[in-house]
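In what follows, chains are A, B, ... by sequence order, proteins preceding strands, each numbered from 1.
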Amino acid sequence: MTAASPAVASSQSSQLFSSVFAGFDPEHRLTVFDVGLALPESLDFFSAFRCRLHYLNLFDEALVRNPPAVEDCTDSELQQQFADLLRFPPGTRLDVCLLWDFPSYLDRRSLRAFTAALKPYLHAGTRAHVLGLLNAQTPPPYREYAIMRSDQFSFLPRSGVQGSWYAHPQAEFGRSLHGLAVQRAVLLADGRLEILLGSTVRR
Amino acid sequence: MIGPGIHIRGDIVGEENLTIDGVVEGSVIVENYELCIGPAGRITANVTAKLVRVEGEIKGDITGLEKVVVARTGNVRGNINAPRVCLEDGARFKGSIDMGPGETPVPSLTSLPGAVRAQQDKVDSSFKSA
């Protein structure tokens, strides 16, 4: 085995990320789902919390990289395939979902199927944080993010080959969600949107 | 130490620090001691120790009563339960992490072997060439 070569991290500020944690009871055990990889800085950040962190690294899943065609797979079958990837322990209710750049690697049908599969794990107070692509002309970054502070991330280049990407204008993005809705959005300097999502689930 | 030429299938219960550089399938419990899965270690097992350091690969759940460290060469697929978890740059992890400052995790009953064994010489293992 060869060790991963150290890469230089860059940083990115966030206006909305601190809102993800606003109002949470510090005595409550925080349950967090991150679609990417665990990075040291993020663990340092969460070490201040009583928490359960789920890291699934969905970017490398075949279902994401090579989504099945409509004629090969119905919408409900696609949802079931995403549900198979999201095998959280029974009774799991996610407080925070970290979906940085992930929607930009899902076409609209897959985005709907993914959020429909995620919905059973949401509760009324769930929040999600997204970095999304508005315009397909520019590829989204292919990065692994880490949390430095509640208003700043660091990021490293993600290993492997970047998959296909899809832009989701904000209105279309909102219509593609199940169980989540856009609460606030901020246009970033690189043309992406930083989005805070709230739950529409009532339980 | 379990060297790189050793392949164990079974439950290991120990009362001393343990380094694994071989292959283990089953469970490993050294509750009050340190467990190091060396760079050549390949573990498919639930493990429990006071301090767990992963430099090789493990597929299974890790309970660290004090701390779990995944080194830069480490690769974990499973769940980690410890008051403190440290991931070094380059470490690979996929699964869940349960952590809480000041909390001492209780070893999962499911990680324990079928019968309680207090001595390492009671290890029920089958050895074969790796």
Go through the side-chain N and O atoms of A:N57 and A:R158 and say whether any donor and acceptor fall under 3.5 Å apart.
-> yes
Hey, what's the ring geometry for A:F17 with A:F45, parallel, tilted or perpendicular (30° and 60° as the breaks)?
-> tilted
So what's closer than 4.5 Å to chain B heavy atoms on A:S42: side chain, backbone, both or neither?
-> neither
Salt bridge (charged side-chain N to carboxylate O under 4.0 Å, His left out) contacts touching residues 106-130 of chain A (sequence neighbours left out) | A:D75-A:R109
Chain B interface, residue from A:A38, A:S159, A:C51 that has the most non-hydrogen pairs under 4.5 Å | A:C51
Any pair with a residue in residues 76-89 of chain A that passes salt bridge (charged side-chain N to carboxylate O under 4.0 Å, His left out), sequence neighbours left out, goes on the list, sorted by first then second residue, please.
-> A:D84-A:R87
Side chain, backbone, both or neither: which part of A:L39 has an atom under 4.5 Å from a heavy atom of chain B?
-> backbone
